[in-house]
Amino acid sequence: MVGQQLNPDLVRKYNKPVPRYTSYPTVPFWTDGMSTERWKRSFVRRFHEQNHTNGISVYVHLPFCESLCTYCGCNKKITTNHKVEEEYLLTIEKEWKLYRSLMRQTPVIRELHLGGGTPTFFSPANLKRLVEIILKATIAHPQHEFSIEGHPNNTTPQHLKVLSSLGFKRISYGVQDSDPNVQKAINRIQPFENVQAATDSAREAGFTSVNFDLIYGLPFQTPDSIERTINQVISAKPDRIAFYSYAHVPWTSKAQRLFDETNLPTAEEKIQLYLKGKELLLANGYFDIGMDHFALPTDDLYRVFAKGKLHRNFMGYTTQNAGLLVGLGVSSISDAGYAFAQNYKTLHDYYTAINEGRLAIYRGYELTDEDISFRNYILDISCRGITFFQKKDMELLHLYVFPELEILAADELIEWNETFVALTEKGRYFMRNVCAAFDIKLHQDENRKQLFSKAI
Ligand code: SF4
């Protein structure tokens, strides 16, 4: 099915505020003031269960950017002063030491991801230092995968050579849109030649997977401009493409208040952008992996998806299923299976905590057995398109989930009975909505729905 064959009425019906489900329960349900001691207990338990089998993931948040993109919802700090790199690296080193002191085995690193902000704000020498700090006295998991988010305007061949020599094989570039009017409105001037040059340099340096992030729903975008952007993107043949819906949440993202809302596409126009983009990607050899992600059949993400082994975490879809995610740096999130924890969101609070010798977490959530069950249903749907019900959950399923499934089935988005639910081909386009049927927290607190961006 290509995008244009989707019924716009159906798209309209399901274009409601729903989470992206990089976690369950989702962040608005976490609580401030999570006890560090309780978090440490969950962390230690999970580490020792998982380290020698699945290995661990490490995410490092590098928050600095030289200029502000007005659509941005990330945690970032705008500065052109590169002296900030030093203090940040020293603090990450201290934080990692705090976590290392909780590990009674040598950590087996399966996944290392540098995200931001703009990780390539840091000099090649400082990125090398950072990676060496993390990998010092660790064991590389046989399937390890190291990846980084790069800005096409400042990722140099030097960055790429250094990272490649350290084992990095995946890079993700923020492309967003190549139309000059759109770029001006979002304050991200980025000629496509820069994207092409950064992509060529990555491949020359030995990177085997290049991802482009694109956004639809930005100011001044039209179906024609999306078509031009996607045709340019396809000419560079990225292995993966994330085609995100612009999340307009000016109540949490101050920079978005700079937009003149009259320049944003209407809901109806946004649907057309979405349909046009998907149609072009599918017609040009990309496969729909799920929730905004596309991949060429030669890419590992597609191969893992085809084997039913895809995983999803705070970094989005991943080929790796490490049992524990350690998030380092300001605002980073950690996932210990039984609990989530998030670091302070301001540099001041983050530096203060770490310099006082304590973990910098300020909020989190401890999962109940019920949460773990429903988290697994959501992960199954988003990664494999099918899930099987457990008897112990029947009461909640009958109360909250099955009535929603009736509606989804009437629209032919799923097939289901009292043992399983599976997405239909049409249902893959509405995966977030199907996941939301399993979101018991959201069913129990309808008011929080408004905190999420719309599905499209
Ligand atoms: S979109 Fe990326 S580069 Fe732009 S401000 Fe946000 S984090 Fe920085």
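Every number for a ligand or one of its atoms is a count from 1 in the order of the listing.
Cation-pi geometry between Arg46 and Tyr338 is satisfied (NZ or CZ under 6.0 Å from the ring centre, within 45° of the ring normal).
Under the 4.0 Å criterion applied to side-chain N and carboxylate O atoms, Lys128 and Glu132 are assigned as salt-bridge partners. Salt-bridge formation is not detected for the pair Asp200/Arg203: no Lys NZ or Arg NE/NH1/NH2 atom is positioned less than 4.0 Å from an Asp or Glu carboxylate oxygen.
At the top of the distance list for atom 1 (S) of ligand 1, counting protein heavy atoms only, stands Tyr71 OH, 3.3 Å. Of the protein's non-hydrogen atoms, the one nearest atom 8 (Fe) of ligand 1 is Cys65 SG, 2.3 Å. Summary of contacts: the protein heavy atom closest to atom 6 (Fe) of ligand 1 is Cys72 SG, 2.3 Å.
Scanning all heavy atoms of the two residues, the minimum distance from Lys441 to Asp371 falls at CE-OD1, 3.4 Å.
Residue Thr118 has at least one heavy-atom neighbour below 4.0 Å for each of these atoms of ligand 1: 3 (S), 8 (Fe).
The parts of Cys69 lying near ligand 1 are both backbone and side chain, judged by heavy-atom distances below 4.0 Å.
The shortest heavy-atom distance from Gln176 to ligand 1 is not under 4.0 Å. Residue contacts with ligand 1: Gly117 is included, with a non-hydrogen atom under 4.0 Å away.
With hydrogens and angles left out, the side-chain atoms of His248 and Glu261 include a donor and acceptor closer than 3.5 Å. Between the side chains of Ser57 and Gln320, no donor-acceptor pair of N or O atoms lies under 3.5 Å.
Closest heavy-atom approach to atom 2 (Fe) of ligand 1 among the candidates Lys77, Gln190, Glu66, Arg188: Arg188.
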